[in-house]
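Here's the structure, in structure tokens; my notes come after.
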Amino acid sequence: MSWKKYAYTFLITAVIFITAIFASNYFSQKKMNEIKNIESRISVDILASETQFSLLSELSCKEISSGLLSKELAALGDRLSYTEENRGRDDPEVLNLKKYYSLLQIKDFLLMQKIKDRCGSGGANNGLFIMYFYSNEGDCSDCEREGFVLTKLREDYPELRVYSFDYNLDLSALRTLISIYNIDEKLPAVLINDKIYYGFKSVDEIKDFLPVLKEIDKQKAKEETLKTKQATSTKPK
Amino acid sequence: MHIVSESITYIFLFIALYLEVFFLITYFEFGDAPFAKALEDQRKNPKKLPSVSIIVPVWNEETTVLKTIFSLLKLTYPKDKLSIFIVDDGSTDKTWNVIQRFVCNKQIKLLRKENGGKYTALNYALEFVNTELVGCLDADSFVHPEALKRIVAQFDNEEIMAVTPSIKIFEPKGLLGLIQKAEYMFGIFLRKVFSDLNAVYIAPGPFSIFKKSVFEKIGGYKHSYNTEDMEIAMRMQRNNMKIGNAHSAYVYTVAPAGLRALYKQRLRWVYGFIKNAIDYRDMFFKPQYGNLGMVVLPAAGFSVLSTMYFFGAMVLSWFETLTTQIIKIYTVGISFNSFNFDLFYVNTDILVFVSLIAILGTLLIIVTSRKLAEEKNKFGLDSILFLALYTFICPIWISKAVYNVVFSKNTKWR
């Protein structure tokens with residue numbers, strides 16, 4: 001028996017463990033930086049879009065392309081919720097990023113509203129948006145399911161903007177938004193076309209609240225039929 | 001709760017890694033010693049060849065016993081110095097008739113008694129043994145022709161009171177056979193390391209050889225929950241008797257073919273280990289028992305505990321994922337367009353890095369054990385299957401063994 005050997009082994013194991021901690025922290029920080037970079041890009045995008053919007057106020061709505069709205073918002077949201085799950089929702093860095101993300105969402109929403117006000121629902125992304133309020137403090141049993149519904153809708157309709165907000169996030173702008181729309185803490189809650197719906201809402205129910213989605217479905221079906229017809233007619237007989 | 005489980009996971013991983021590092025250090029410490037080669041030569045050509053008796057306890061082994069006896073007769077050991085005792089422990093099949101063909105063989109003595117279990121058969125034969133060394137060979141095992149010489153060479157060291165061999169699976173078949181092949185090779189590595197640490201705590205039934213004086217000093221075999229090979233080794237260790245290992249002395253054993261047979265065998269082993277560990281608990285964490293008391297026995301106990309913990313955590317995590325997926329499918333149906341590979345989502349948790357290092361250590365042990373087992377390739381299909389599946393199979397019998405111990409349920413030999 002050799003106490004020295006036990007101690008050396010302990011030292012080696014500790015070094016391995018510390019290396020693993022450093023490696024993990026390094027990659028974790030890299031991921032945080034990636035989120036920060038996306039946030040910063042979105043922030044610049046929004047600012048650029050707002051400026052562009054003001055500059056081109058004389059321009060017709062036709063020329064205001066959907067490119068005005070950032071396409072990275074959804075990807076940022078996904079990354080942030082993954083990071084939140086891994087690092088914990090109380091992680092101060094995660095909380096900061098989340099607050100910033102919420103602010104960016106509000107700014108994006110305001111920009112979209114501006115376009116909508118000016119150009120009507122024909123501008124930018126047809127003014128298609130859903131505002132979603134959730135809680136991950138264990139007091140919202142249906143929030144997970146509602147999250148699946150909204151993710152599915154976002155996948156099926158890339159033009160749909162889903163703004164998701166943690167109801168309990170300590171952010172004054174968010175509190176203002178909540179008070180403007182008078183949203184109660186009966187979560188999950190979705191805001192569609194200025195109307196609030198509480199409790200779990202399925203894909204079909206949301207489509208009922210947002211008929212534009214049904215229009216898009218019809219349009220897609222029409223295009224599909226046309227494609228099939230074209231394919232059949234070009235087949236050699 | 002999350003913090004508690006996370007802390008336990010880290011502590012368990014740290015201990016597991018510590019043990020892996022410790023065993024690897026030990027292997028390379030002794031393997032690289034300058035006198036290792038000379039010692040090996042000495043082992044291959046022992047100075048003296050003492051008289052040896054091999055006891056073969058048989059019970060309903062009519063199909064395998066002949067092969068076992070023939071392998072003993074083929075041992076490159078002087079015939080006048082090797083006696084074979086075949087003890088029929090009240091077989092109900094034709095085993096007794098089958099072994100009658102050796103009735104005229106002067107080297108072989110046939111004994112018969114009422115069925116009483118393996119340990120009684122061994123003790124019965126011990127009464128007739130008057131050689132310097134004595135060993136046992138299960139009737140489902142066969143020896144390498146050089147095995148006995150290689151084992152006997154170890155006794156050149158006067159301190160050595162028993163020597164264990166290296167056990168390999170005989171003609172492994174199927175998935176379970178291959179997994180066991182890799183597992184047994186892993187065992188060869190561990191037994192060598194334990195021997196280097198003077199901490200061997202099992203003298204396996206297949207071909208462990210003892211000085212006859214061991215039984216005279218500490219008594220014969222005991223029932224010990226059908227794991228008499230573990231108990232005798234523990235008793236020897238408690239009496240400061242050194243157990244060596246001849247890693248080049250190969251013994252081939254027939255692996256249980258089906259999962260049920262394997263489950264029963266392993267249940268007996270693990271149950272026996274836990275019960276013996278309880279009986280010999282005073283040896284745990286006691287410096288007077290050296291590495292055995294301070295590392296090896298606690299490590300064996302830890303392996304039972306950690307396997308259960310990690311398997312439980314894994315099942316729980318699978319269950320959570322499955323539940324989430326079911327809820328998702330129930331809510332929005334099956335969605336195929338959501339999969340999108342992104343490096344961002346690659347898990348870079350501390351656990352992942354530590355596990356990767358632990359897996360690397362395991363790979364090193366596998367490669368080393370294959371070298372010890374004189375396998376041609378450094379890595380084989382059996383190694384892959386062992387790495388991929390063993391962790392999922394062994395918790396089955398470990399959990400049941402723990403259950404049996406907790407609720408005082410006995411395990412049977414077969």
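Since we're looking at a predicted model, the values are computed, not measured. Within every chain, numbering begins at 1; the chains are lettered A, B, ... in the order of the sequence lines, protein sequences first and strands thereafter.
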side-chain contact (heavy atoms from CB on, under 4.5 Å) between Asp78(A) and Phe344(B), worked out: CA-CA 10 Å; Asp78(A) 289 343; Phe344(B) 184 91; over 6 Å; no
Which residue out of Ile21(A), Thr19(A), Val203(A) racks up the most heavy-atom pairs below 4.5 Å with chain B?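 Looking at each of Ile21(A), Thr19(A), Val203(A) in turn, Ile21(A) comes out on top.
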Greatest number of heavy atom pairs closer than 4.5 Å to chain B - which of Ala20(A), Ser28(A), Gly147(A):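 Top option by heavy-atom pairs under 4.5 Å: Ala20(A).
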Partner chain A: residue of Leu351(B), Leu19(B), Val346(B) with the largest heavy-atom pair count (under 4.5 Å): Val346(B)
NZ of Lys328(B) to OG1 of Thr151(A): how many Å apart, nearest 0.5 Å?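 Between Lys328(B) NZ and Thr151(A) OG1, I get 7.0 Å after rounding to 0.5 Å.
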Hey, could you give me the CD1/OG1 distance between Ile25(B) and Thr13(A), rounded to the nearest 0.5 Å? 7.5 Å
When the ring planes of Phe27(A) and Phe353(B) are compared, do they come out parallel, tilted or perpendicular, using 30° and 60° as the limits?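 Taking Phe353(B) first and then Phe27(A), their aromatic rings lie parallel (interplane angle under 30°).
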Can you tell me if OH on Tyr8(A) sees more than 12 non-hydrogen neighbours from other groups inside 6.0 Å?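 No, not enclosed.
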Chi angles and distances behind the ring-ring contact (aromatic ring centres under 6.0 Å, His included) call for Tyr6(A), Tyr18(B): CA-CA 9 Å; Tyr6(A) 295 165; Tyr18(B) 179 93; 7.4 Å; no
Just by distance, with hydrogens left out, do Tyr345(B) and Asn86(A) show a side-chain donor and acceptor under 3.5 Å apart? no
Pick one of side chain, backbone, both or neither for Tyr330(B), based on which atoms fall under 4.5 Å of a heavy atom in chain A.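 Looking at Tyr330(B), just its side chain touches chain A.
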Is chain A contacted by the side chain of Ile357(B), its backbone, both, or neither, given a heavy-atom distance below 4.5 Å? side chain
Passing option when Thr9(A) is tested against Val295(B), Leu17(B), Leu24(B), Val21(B) for side chain to side chain contact (heavy atoms under 4.5 Å, CB included): Val21(B)
